[in-house]
Amino acid sequence: MPAALLVSLAATLVASAPRPASLPGRAEPDTLRLVVGSKEIDGRVYHPHAARVRIRIGDPGAPVTTEWTNQLALGDSAGRQVMRWVTRGEHNAPSGSKVTWELRQTYDARTLAPLGYHYRNSAGAWTSLRIDGMHVKGQKRSAADTMLQTVDATLDRPGFFAGASDLVPTAMALRPGLVLTVPLWSPSSSTTTTHSFSVIDRRTVTVEGKALETWRVEEHDAGGKLVGTWYLVDRAPWMVYAETPLPDGRTQFITETEIPLSPDP
């Protein structure tokens, strides 16, 4: 999954942070500018599976602050192949309070174009959106609102869901030195932004006691700031480890591991 699927949550590490050793294979940059519908992207590599994501902040041995599960099912919508993701999780605030949430998303199974976004949490926030290319319609309510707000926005261009940005590179053939520019969209925005993904090299990382050979991919925002470093494989759960910098200077450590499919997603 998305590893994020919410981009940007994820995790559990072994006793110490992985200290990957480089493998041969660096190359000169080769830029590929992607759009929603680019032939290089084929989301049909993803098959039904479930995974658990855990996050630790500041130190790989710190307590888990956020945990969720992702489950992918494939289906059909009016003759269109779609993927349906169900994410359920909980976040432990420093105050000791706990917030739980559920997120259901629908994507075009090949292009990864977002089609539906339905979110709710135990604090009272709620969002339900339909996405048709550049048009976003639906309703939302923040935890502080008492009434629903109407959403009717036209984006400047179609974008991939920012909270699952790692789905894009893992739906492609990667090679060292490849740089991808990707339009991303977030439900809180009416515009898209361009991020770049740089395939750095092949790395072996140890996640929860298991050594995995991965692609190391760095994601940067439009201003060149590092968003995260993703470690990707070519099978479920695709994103297995990540490090993302936080505004306060700390690092968020993320792991994702496959779990059995639930009969009731």
Side-chain angles (χ1 to χ4, degrees), residues 1-8 30-49 51 70-87 103-119 127-138 151 153-175 178-199 215 217 219 221-222 227-228 230 232-239 256 265:
M1 118 98 206
L5 273 186
L6 298 172
V7 102
S8 324
D30 174 17
T31 301
L32 185 60
R33 292 172 174 79
L34 300 173
V35 297
V36 176
S38 288
K39 60 179 175 54
E40 292 87 356
I41 300 171
D42 192 340
R44 291 173 294 185
V45 298
Y46 299 114
H47 56 73
H49 71 282
N70 294 316
Q71 183 151 318
L72 170 62
L74 301 179
D76 178 274
S77 178
R80 182 181 202 172
Q81 288 183 308
V82 297
M83 54 173 65
R84 298 186 174 99
W85 292 92
V86 177
T87 300
L103 173 62
R104 291 177 178 264
Q105 298 175 87
T106 305
Y107 298 105
D108 182 285
R110 190 191 72 78
T111 68
L112 301 182
L115 304 174
Y117 178 95
H118 306 279
Y119 171 83
T127 301
S128 181
L129 303 174
R130 292 180 61 84
I131 306 99
D132 182 9
M134 296 187 296
H135 304 292
V136 181
K137 293 185 177 182
V151 177
T154 300
L155 306 178
D156 53 327
R157 54 182 169 153
F160 301 97
F161 177 46
S165 62
D166 56 299
L167 286 179
V168 177
T170 46
M172 299 182 54
L174 300 180
R175 58 183 180 275
L178 179 65
V179 177
L180 312 171
T181 64
V182 179
L184 299 177
W185 163 81
S186 169
S188 61
S189 177
S190 60
T191 60
T192 60
T193 183
T194 299
H195 282 206
S196 65
F197 293 80
S198 301
V199 183
W215 288 105
V217 178
E219 178 181 355
D221 66 16
V227 173
W230 308 98
L232 311 174
V233 297
D234 61 358
R235 59 193 181 280
W238 285 277
M239 194 288 289
E256 185 168 6

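Heavy atoms only: backbone and side chains are in, while hydrogens, waters and symmetry mates are out. What you see is a predicted model, and the numbers here were worked out from it, not measured in a lab. For reference, positions follow the sequence shown, starting with 1.
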[atom1] of [X] to [atom2] of [Y]: how many Å apart, nearest 0.5 Å?
X: M172; Y: F197; atom1: CE; atom2: CZ; result: 11.0 Å
X: W230; Y: D166; atom1: CH2; atom2: CG; result: 5.0 Å
X: Q105; Y: T87; atom1: CD; atom2: OG1; result: 6.0 Å
X: Y119; Y: T127; atom1: OH; atom2: OG1; result: 8.0 Å
X: D108; Y: R44; atom1: CG; atom2: CZ; result: 9.0 Å
X: L180; Y: S198; atom1: CG; atom2: OG; result: 8.0 Å

*Give me the one residue out of L167, L115, I131, V82 that meets side-chain contact (heavy atoms from CB on, under 4.5 Å) with Y107.*
L167
*asked:* Between H118 and W85, does the ring pair (Phe, Tyr, Trp, His ring centres under 6.0 Å) criterion hold? Intermediate values first, please.
replied: CA-CA 10 Å; H118 306 279; W85 292 92; over 10 Å; no
_Tell me every residue that passes salt bridge (charged side-chain N to carboxylate O under 4.0 Å, His left out) with D234, counting only those two or more places apart in sequence or in another chain._
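D234 satisfies salt bridge (charged side-chain N to carboxylate O under 4.0 Å, His left out) with no residue once adjacent residues are dropped.
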Where [X] and [Y] come nearest, the two heavy atoms and their spacing:
X: G133; Y: L155; value: O-CD1, 4.3 Å
X: V179; Y: S196; value: CG1-CB, 4.4 Å
X: L112; Y: A171; value: CD1-CB, 4.0 Å
X: V36; Y: A113; value: CG1-CB, 3.6 Å
X: A173; Y: L178; value: O-CD2, 4.0 Å
X: A109; Y: M83; value: O-CE, 3.8 Å

_Between R175 and V199, does the side-chain contact (heavy atoms from CB on, under 4.5 Å) criterion hold? Intermediate values first, please._
CA-CA 7 Å; R175 58 183 180 275; V199 183; over 6 Å; no
_Before you tell me yes or no, could you show the steps for T31 and R33 under side-chain contact (heavy atoms from CB on, under 4.5 Å), namely the whole-Å CA-CA distance, both residues' side-chain angles and the distance that decides it to 0.1 Å?_
CA-CA 7 Å; T31 301; R33 292 172 174 79; 3.8 Å; yes
*Residues T194 and R157: side-chain donor-acceptor under 3.5 angstrom*: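 Distance-only check passes for T194 and R157.
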*Just say parallel, tilted or perpendicular for the rings of W185 and F161, cut-offs at 30° and 60°.*
tilted
Heavy atoms, side chains only, cut-off 4.5 Å: are [X] and [Y] in contact?
X: F160; Y: I41; value: yes
X: N70; Y: L72; value: no
X: L129; Y: P187; value: yes
X: M239; Y: S165; value: no
X: V136; Y: S190; value: no

*asked:* Can you confirm whether E40 is buried at CD, in the sense that more than 12 heavy atoms of other residues, nucleotides or ligands lie under 6.0 Å from that atom?
replied: yes
*Would you say R110 has more than 12 foreign heavy atoms packed within less than 6.0 Å of its CZ?*
yes
*Take H195 and V168, measure what side-chain contact (heavy atoms from CB on, under 4.5 Å) needs, and give me the verdict at the end.*
CA-CA 11 Å; H195 282 206; V168 177; over 6 Å; no
*Please test Y46 against T170 for side-chain contact (heavy atoms from CB on, under 4.5 Å), starting from the C-alpha separation and ending with a verdict.*
CA-CA 9 Å; Y46 299 114; T170 46; 2.3 Å; yes
